[in-house]
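Written out below as structure tokens is the structure these notes cover.
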Amino acid sequence: MVEHNSGAPGAASVGRRTVLGVGVTGAAGLVLAACGGSSDGAGAAASSSSAAGGTPQPGGSSSQVPVGGAAIIPVGDTAYVVAQPTADEFVAHSAVCPHQGCLCNEVAAGKVICPCHGSEFDAETGAVEKGPATKGLAPATVTVTGGALELS
Ligand code: FES
């Protein structure tokens, strides 16, 4: 789903687009992404106040997200999974694991992986594919302006 903002009050510039992290189906060969977790590799519990749905915050570049792939984009003390199923179509989910709140820090073979207890999620839809998590990653919003990502 893509919204095109074109001059609405509060909108930035023409060409800015907002994509919600819901409603995308199908899996593509997704690519390993950057690590957004802690330095010890065990992941980090994320602040729930900074999870999906807050004020948009700058976070990386669209060039970090491969077409047909996904990347973990750190933003402040949290992170997001941003996928690009087709060129210029972006979807985002919170990288906060719904099991116990660790930050997922790896994308491999189309799956987002939580380092704490091994839950796996579909990188495009956020759906849980392997427990112990019982629900998927929370949808988030990604806006791309001139190649810069804003996430909330
Ligand atoms: Fe992610 Fe337990 S916190 S699997």
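Note that the structure is predicted; figures quoted are calculated from it, not measured. Both counts, for ligands and for their atoms, begin at 1 and track the order of listing. Counting begins at 1 with the first residue of the sequence.
If you take OG1 on Thr78 and CD1 on Ile73, they are separated by 12.5 Å, rounding to the nearest 0.5 Å.
Of the possible polar contacts, one joining the His93 side chain to the Thr125 backbone as a donor-acceptor pair under 3.5 Å is found. With hydrogens and angles disregarded, a donor-acceptor distance shorter than 3.5 Å links the side chain of Ser119 to the backbone of Ala133.
The only member of Val96, Val75, Ile72, Leu149 that meets side-chain contact (heavy atoms from CB on, under 4.5 Å) when paired with Tyr80 is Val75.
Judged as a salt bridge (Lys or Arg N to Asp or Glu O under 4.0 Å), and not counting sequence neighbours, the contacts of Glu129 are Lys111.
In this structure, cysteines Cys114 and Cys97 have SG atoms that are not closer than 2.5 angstrom.
Within the protein, the N, O or S atoms lying under 2.8 Å from atom 1 (Fe) of ligand 1 are Cys97 SG, Cys114 SG.
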